[in-house]
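FYI, side chains are in, hydrogens and waters are out, and symmetry mates aren't considered; it's all heavy atoms of this structure. Letters go in sequence order (proteins before strands), and every chain restarts at 1.
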Amino acid sequence: MQIIVSGLIFGFVYGLAALGLVLIYKTTDIVNFAQGEMAMVTTFMSFVLLSQLGMPYFVAFALALLFAALFGMIIYHVFMKRVQTSPPLNQMVLTLGLFLVINGIAGLIWGYHPRSYPEAFAGDPFQIGSVFITFNELFMVGLTFILMLVFYLIFRYTRIGLAMRASSQDMVAAELMGIKVSHVFMSAWAIGAVLGGVAGIMTAPFIFLNTTMMMDILIMAFAGAVIGGFISLPGAVVGGLIVGVYENLVSYYIAPELKMVYTFILIIVILYVRPQGILGGPKFVKKV
Amino acid sequence: MKANTRKIAMGLLSLLIVTMLAACGGGQTTGGNGSENSGDQTDESNAVQGVTDSEILVGLVGPQTGPAAFFDASRKGVQSYINYVNENGGVNGKQLKLIAYDDQYQPAKTVQLVKRLVEEDKVFALLSPVGSAPNLAALDYYKQSGIPVIMMGTGQGKLVDPPVKNIIGESVINYGAEAKVFLDYAVNELGAKKIAIAYQNDDLGKEGLTAVKDRLGQYDGVEIVEEVNYLASDADFSSQAQKLKNADPDVVMNFGTPATSANLKKAMYKIGLKDVPYINNSVGANDPNLFKLAGEEVWNGTISGATLPMPEQSDDESARLYVERFSQDYPDDPLIGVGQSGWASAEVFVEALKRTEGELNWNNFLDAFYTFDNWDGSMYVGVTFSENNHFGLTSLFMTEAIDGEIVPISDTIHFNPETGDISY
């Protein structure tokens, strides 16, 4: 039981990271490989605010997310906007380049020693039946759930959401209908960066603050997003949860070194049975 | 407009590529430096290069950037000691010059860069090249070229056992030797019968596991009740902790790196596995930063071993000098850890230079190492070499993590790699 619960908790981290990926993809048609590194930078910023400027946790948290939003906008304006009309593959390669650049620069600024990062709520775990759980983990679960719900509702039922969906379907038509596509895309990047930042800040207490902290998390988030269909926000979280529990079960019953392998076997099986992913809509074919 | 966008995009991409190449640093070597020529050097046991009347060239390869860049503190330790030696007249009137390249902990680059040091820069010897995988990748070339390779930055057994004439010493205690001492300590001092083992699933962890299994037969009624492994990149240790708890062991032994060790102990602590003695390999334990990573309450009580004193708590002369010089040369780097082993390795290197009899060539230099018999003039508690023992570090003392400090809890323990004897 503990194995499943711990898997679920990590699943929520993957889900959070996957949410940001899916949101950017859904709106702008780009798979953002730099998502994890942007999240890492946000986490480092929050750490600077927390430890060097001594701010309270939630103030640092909020300011770091504000930074994330700005950072997302800057990335969009400086880099992505200029290649907006290029084929998606070119744009993805640019995000891959950003991944390397951000990682390298962060290493130069903050060094390579792992650091400890505080939890939102400290305290001993409490026990329910045979399962141990901490307040911090509950907070993380709640936060992911709320974020998913909020963005799902925004996307589905508000004008901004409609604009986002329209822009993603046809950029030119959306522009002709009076939608400022670049504003829509910019907000997608901002929100995506904020979601990534939340994932980073939630993850850092578990895996310690490090320039490489998000790499493995992002691979699992990708796996979760793919399983969930890559265009569905609830799908991203569900996919993340499946990956989290599944990898923990593989780790316990089969072998820890094989969990990545088995995760990708699971992806192959799911995509074979249901090519559009679990919550990927009726049919989803896209040519890159 | 479109052409304009494309131009900018192309410009950006080329900028990216340039940045990436620049980040690769020394990764580029001039091609075509035929390694065929290096065969000549093997036969010349009296070979000498990189030594002039005023200078001795020393080479080092290790990660300065990338995910493993924290090992760079080892190079800084070496550099710091060399600075000190040079300021005090050098060795036998010769200044030491360190040439260091960044391999980003990528074995393929290590081999290229080692060749460059030996064949183009013509260094006299390699000092403390970093890492198990990088050194293993370069091992064949080390053997082929005959270049003295001194105090490699790893505890990997395969590099020094069986011994090769020109490959001498490791700056970290051999993982297997350490594991054997820990097992002996667990059985004889802690009275453990049921042993659970956690190990990182790579050369580092597996060598510890194998060593414990090899030695287990020497103790009556002692058995391994559980073995769990994990990967260096793992973040979630709940399944391993659960298995360890289910096994109800007398002692848990772990062989990993600092981040995984901290995470494993956190996971054990979380599910209530608190009161069983926890012995952790020194690579994963000898760093007060672990109190922060794992939490002080969690990390307290962790038992480990050390070949080096905790610098600021020690009255050892070389430790005192190290604290003074290293913190002056590299104020931003932590004093404890790889910086220390880099410094101490350089001390061993310089001592061997001083002990070299006759002309300074490879052969005479390498022979000088066999005169080290539990030498305690460096920061290490003892350094021993012989024709059959190229480990170097076979003496250690046990430590325990208590309230933010790592405190010695035993006298020096000696392990004899030739006989397998452990003496307290």
Which region of Ser251(A), side chain (C-beta onward) or backbone (N, CA, C, O), has a non-hydrogen atom less than 4.5 Å from a non-hydrogen atom of chain B, or is it both or neither?
both

Separation between CZ (Phe208(A)) and NZ (Lys292(B)), nearest 0.5 Å, reads 12.5 Å

Mind checking the CG-OH spacing from Asn246(B) to Tyr252(A)? Nearest 0.5 Å is all I need.
4.5 Å

At a 4.5 Å cut-off on heavy atoms, which part of Pro334(B) comes close to chain A: side chain, backbone, both, or neither?
side chain

For Asn248(A), which atoms come within 4.5 Å of any heavy atom of chain B: side chain, backbone, both, or neither?
both

Give, as side chain, backbone, both or neither, the part of Gln64(B) having an atom under 4.5 angstrom from any heavy atom of chain A.
backbone

When you look at CZ of Phe70(B), are more than 12 heavy atoms from neighbouring residues, nucleotides or ligands closer to it than 6.0 Å?
yes

For Tyr330(B), is the OH atom crowded, meaning more than 12 foreign heavy atoms sit under 6.0 Å from it?
yes

Rounded distance (nearest 0.5 Å) linking atom CG of Asp236(B) with atom NZ of Lys259(A)
6.0 Å

Sort Asp333(B) into side chain, backbone, both or neither according to what part of it lies under 4.5 angstrom from a heavy atom of chain A.
side chain

Chain A shares the most heavy-atom pairs under 4.5 Å, among Val228(B), Asn229(B), Asn201(B), with Asn229(B)

Between Asn289(B) and chain A, with a heavy-atom cut-off of 4.5 Å, which part of the residue counts as in contact: side chain, backbone, both or neither?
side chain

Heavy-atom proximity to chain A below 4.5 Å, by part of Leu231(B):
side chain

Tell me the closest heavy-atom pair linking Lys270(B) and Thr134(A), and the distance in Å.
CE-CG2, 4.4 Å

